[in-house]
Amino acid sequence: MERLQLFKADLLEEGSFDSVIQGCHGVFHTASPAVFHVEDPQTQLIDPAVKGSLNVVKSCAKSPSVKRVVLTSSIATTLFSGTPRTPEVVVDETWFSNPQFLREKKMWYQFAKTSAEEVATKFLTENNIDYVVMNPAVTIGPLLQPELNGSSETFPNFTFGWINVKDVANAHIKAYEDVSASGRYCLAERVMHFSELTNILRHIYPTLQIPDKCADDKPLMQTFQISKDKAKTLGIEFIPLEVSLKEIIESFKEKKFANF
C-alpha cells in the first residue's frame, strides 16, 4: 500500500488521464456504470462507457511507456449476436453482440458496453497499442461496499453466466503479465438460471429467506454455454459457483445485512 497513489480524473474529460498514465507500463480500464434502469441512457450509461473508454485509451497513446492495456468489457458484448442460444450452443470469443439489435430492444447497458469495446479496441488497434479484452459474466463474491444494491421477493426470469470476482481479478493480472495473451477472453465458471441459483442457496442456507417465485409466468429462459477454453490458457482454474455463493452470503452476514 506504500506505493499506492490516488489521482483525481473524470471519464468524460478528454486528457483527464494524461498525467495519471504517464510512466505506466500497464493500464487496466475497469470503470463503467453498471445500472439497468435509467431515465437518460445516453448520459447515465452510454457517454461514461463510450467516451470514457475512448478518453482513457487516448491518454494511453500519449504515453510511450505503456506496453499493454487490459480493457474490462462484459460477456454482454458477446451474447446478442442474433444466434439463438440453446443448451447445446457454446458462446465464445468470436461472438459479437449487434449494437443495432441492442438499441432497438433498449438494452442500454449491453449497448453501452458493446459500443465501448468497439471504439476502444478500434483506437488501440489503429495506434498499435497492445491490448487484451476481458469479458466477464455476472461477477459475484465478497462485497467491498457496506450496502446492497437492492432486493426482491421474486427471482428474475434470466439465465446468466457467473464468475467469482477473484477469478476476474486474477485473469486481469495474468492477461497483463502473459506476453502471449491477446484478443478477448470470456470469463464464466457456469451458466445458470436464477431458479437453479436459488435452489442451491436454499440447500446451503435452508434458514435464509430466499425467493422461490419467478417474477413472471413466462417459460424459464433457456440456458446455454460459455466457453472456458481460452480463459484456461491464462491459468484460470475457476472457483466453483457454490463456493462463490457461500462467499457472498457470508459477506452479507459479516456486514449484518437484513435477513442475513
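Positions are given from 1 along the sequence. Since the structure is predicted, the reported quantities are computational estimates derived from the model, not experimental observations.
The two atoms that bring Ser65 and Ile21 nearest to each other are OG-O, 4.1 Å, heavy atoms only. The two atoms that bring Gly161 and Ile226 nearest to each other are CA-CD1, 4.1 Å, heavy atoms only. Nearest heavy atom pair, residue Asp178 against residue Thr233, reads OD2-O, 4.3 Å. The minimum heavy-atom distance linking Ala9 with Ser16 is given by the pair CA-OG, 3.2 Å. A pairwise comparison of heavy atoms in Cys186 and Thr78 identifies SG-CG2, 4.4 Å as the closest pair. Scanning all heavy atoms of the two residues, the minimum distance from Ile248 to Gly141 falls at CG1-O, 3.3 Å.
Once rounded to the nearest 0.5 Å, the distance linking CG of Asp130 with OH of Tyr176 reads 10.5 Å. Between the CD atom in Glu93 and the CD1 atom in Ile75 there is a gap of 7.5 Å [rounded to 0.5 Å]. Note that NZ of Lys113 is 12.0 Å distant from OG of Ser97, once rounded to the nearest 0.5 Å. For the atom pair CG of Leu220 and OG1 of Thr159, the computed distance is 7.5 Å after rounding to the nearest 0.5 Å. For the atom pair Leu187 CG and Met134 CE, the distance stands at 4.5 Å (nearest 0.5 Å). Residue Ser53 holds its OG atom at 12.0 Å from CZ of Phe123, rounded to the nearest 0.5 Å.
Between the side chain of Arg202 and the main chain of Pro211, a donor-acceptor pair closer than 3.5 Å is present. Using modelled atom types, no side-chain atom of Lys58 and backbone atom of Gly15 make a donor-acceptor pair closer than 3.5 Å. Between the Gln225 side chain and the Val91 main chain, no donor and acceptor come within less than 3.5 Å of each other. Between the side chain of Thr139 and the backbone N or O of Ala137, at least one donor-acceptor pair lies under 3.5 Å. In this structure a side-chain-to-backbone donor-acceptor pair under 3.5 Å is present from Asn55 to Lys51. With hydrogens and angles ignored, the 3.5 Å screen pairs no side-chain donor or acceptor of Asn170 with any backbone N or O of Ile236. Under the 3.5 Å distance criterion, the side-chain polar atoms of Tyr131 are left unmatched by any main-chain donor or acceptor of Asn128. Although no hydrogens or angles enter the test, the distance criterion places no donor-acceptor pair under 3.5 Å between the side chain of Asn98 and the main chain of Ser81.
Under the 4.5 Å side-chain heavy-atom criterion for grouping Ile, Leu, Val, Met, Phe, Trp and Tyr, Val191 is not connected to Ile163 through any hydrophobic cluster. Residues Leu54 and Phe28 do not share a hydrophobic cluster, defined by chaining ILVMFWY side chains whose heavy atoms lie under 4.5 Å apart.
A ring-centre distance under 6.0 Å is not found for Phe7 and Phe17.
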May I have the step-by-step check of ring pair (Phe, Tyr, Trp, His ring centres under 6.0 Å) for Trp162 and Phe238, ending in yes or no? CA-CA 10 Å; Trp162 306 88; Phe238 293 102; over 10 Å; no

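For the pair Arg85 and Phe80, the cation sits on the ring face: its NZ or CZ lies under 6.0 Å from the ring centre, inside 45° of the axis.
The pair Arg190-Glu242 meets the salt-bridge criterion, since a charged nitrogen lies less than 4.0 angstrom from a carboxylate oxygen.
For the residue pair Ser227/Asp92, the side-chain donor-acceptor check at 3.5 Å is not satisfied. With no hydrogens or angles considered, a side-chain donor-acceptor pair links Arg184 and Thr77 at under 3.5 Å.
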